[in-house]
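Chain A is the first sequence line, chain B the second, and so forth, proteins listed ahead of strands; every chain is numbered from 1. Computed from heavy atoms alone, side chains included, the values below leave out hydrogens, waters and symmetry copies. Predicted model only: the values in this text are computed from it and were never measured.
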Number of protein chains: 2
Amino acid sequence: MRSIRDDRTTRAVIRDEALRLFAAGGTETVTMRQIATAAGVSPGLVMHHFGSKEGLRQEVDQYVLDVFEAMLGELTGDGGAELLDPGAGASSLSEVFARHLPTDSPLPGYLRRLLLSDTDAARLLFRRLYDLSRDALDGLAAAGLASSGRDPAVRAALLLSNDLALFLLRDRLAEVLGTDPLSADGMTRWAPEMLSIYAGGLSAVPPQPHEDTP
Amino acid sequence: MRSIRDDRTTRAVIRDEALRLFAAGGTETVTMRQIATAAGVSPGLVMHHFGSKEGLRQEVDQYVLDVFEAMLGELTGDGGAELLDPGAGASSLSEVFARHLPTDSPLPGYLRRLLLSDTDAARLLFRRLYDLSRDALDGLAAAGLASSGRDPAVRAALLLSNDLALFLLRDRLAEVLGTDPLSADGMTRWAPEMLSIYAGGLSAVPPQPHEDTP
DNA sequence: CAGAATACTATACGAGCGTTCAGTCAGTGG
DNA sequence: CCACTGACTGAACGCTCGTATAGTATTCTG
């Protein structure tokens, strides 16, 4: 599967193919032989580089975690002030990720499986995201842009949960809406609706969309 | 694993144990031998009753779908008028399911795996839920309790997605909140926060909780 | 350029998988 | 009482899995 003019090392190619296959089918279902074939090498070489299937899985895990952590790093520090500002750029985790990742990136799919797996990596990642959500809510509350609610812990969890649902149900949502919600087009449909509810609840009448930026 | 005084047929016991194991570990990971052992029978008997592992899987699928469909049936027809009424009973799918299922029921877990699997059963079920969500939103809009939003299709999908997130992220949410969000206690924390946002957005100051019903 | 290290392949092994099959046992109708 | 049927067992089959190992190419290094 290696295309001509591929600067990655063979080791990186194997890791990337494993990531892609794991994201599509889960780590249990994908076999070492499938990974080897996809990478264009022998099964033995996969063992040579990663020691075992578990070793490969852990390395892919760490790789994905590092990529997301780098993205998350961009969000930290601004206290989530971008949220609730329809004119500004990022307004949610999903949006940030969607902007930084190509549409066909296997990372969202891998993240989905990782988050739902019963592993320490999943727990750590979710805790990290939750803390981020709490900080963002605190920032919004301090700026007077939102209330922390009666139960701030639950409210932060709820906001995070709503956001992650876009990831988890991506395929199902794409089917009923006819648009991938993580694509650019999908985001322009999804984000205003979400922001409208967050701004004024379900009863509020949303403003008319404007075609051009004034 | 069969307890004394078990009125179920052996076939039903196998089906139930398979459901429990499938919910916990996924259909791919669980082996016929594990199922047989859990049901207290030989592997051959599982084959005898269900023909193949795939046959067993399909029967469990259908069984779970039937149970959920029965619950969904209770919701149909009222147009979702219960929603947004903090005093009334059901206000979301999650709440209905949580009320009808024991805390340790394997069904939510099975539903989670089913919904995220790339199967026709998953597509059909999600479509069914989505239609239900659209009907509920229409009902709310007709009753003047909510706006359909700028993009009703997206708004209905968003409400459904938020609701299902509770199912999908149940374990992770329980970890950070210290309460299972699908338990009775968890619901009394979660629901008011959700309703508050739906009623007035993030900025609205929530009313103080009242200990007794006046 | 020799030699060591590393990249890589081919083959094989044992374990565990879904499935098959011959046979035992209990109940049932004629 | 016999023949038949469905429930059920236990051993075995063929296959695929992850992994080990021996050996060959390639690259690095002094």
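Listed candidates were dT9(D), dC8(D), dC8(C). Nearest to the side chain of H49(A) is dC8(C).
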Can you list, pair by pair, the side-chain donor-acceptor contacts under 3.5 Å of residues 38-52 of chain B, counting residues two or more places apart and other chains?
{"unit_1": "S42(B)", "atom_1": "OG", "unit_2": "L45(B)", "atom_2": "N", "d": "3.4"}
{"unit_1": "S52(B)", "atom_1": "OG", "unit_2": "E54(B)", "atom_2": "N", "d": "3.4"}
{"unit_1": "S52(B)", "atom_1": "OG", "unit_2": "G55(B)", "atom_2": "N", "d": "3.0"}

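The stretch residues 173-184 of chain B participates, sequence neighbours left out, in these salt bridge (Lys or Arg N to Asp or Glu O under 4.0 Å) pairs: R123(A)-E175(B), R170(B)-D180(B), R172(B)-E175(B). Residue pairs meeting the ring-ring contact (aromatic ring centres under 6.0 Å, His included) criterion with at least one member in residues 10-40 of chain A, sequence neighbours excluded, do not occur. Counting only residues at least two apart or on different chains, the ring-ring contact (aromatic ring centres under 6.0 Å, His included) pairs with a member in residues 157-180 of chain A are F97(A)-F167(A). Annotation: side-chain hydrogen bond (donor to acceptor under 3.5 Å, both in side chains) contacts involving residues 103-114 of chain B, sequence neighbours excluded, comprise D61(B)-Y110(B).
Within the structure, every side-chain polar atom (N or O) of H48(B) is placed at least 4.0 Å from both OP1 and OP2 of dT19(C). Residue T10(A) places at least one side-chain N or O closer than 4.0 Å to OP1 or OP2 of dC8(C).
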Tabulate protein N/O versus nucleotide N/O from nucleotides 16-21 of chain D, keeping only pairs under 3.5 Å, one per line.
{"unit_1": "dG18(D)", "atom_1": "OP1", "unit_2": "M32(A)", "atom_2": "N", "d": "3.4"}
{"unit_1": "dG18(D)", "atom_1": "OP1", "unit_2": "K53(A)", "atom_2": "NZ", "d": "2.9"}
{"unit_1": "dG18(D)", "atom_1": "OP2", "unit_2": "M32(A)", "atom_2": "N", "d": "2.9"}
{"unit_1": "dG18(D)", "atom_1": "N7", "unit_2": "R33(A)", "atom_2": "NH1", "d": "2.8"}
{"unit_1": "dG18(D)", "atom_1": "O6", "unit_2": "R33(A)", "atom_2": "NH2", "d": "2.9"}
{"unit_1": "dT19(D)", "atom_1": "OP2", "unit_2": "K53(A)", "atom_2": "N", "d": "2.8"}

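A salt bridge does not link K53(A) to E28(A): none of the charged side-chain nitrogens sits closer than 4.0 Å to a carboxylate oxygen.
F50(A) places its CZ atom 11 Å from the P atom of dA7(C), with the value rounded to the nearest Å.
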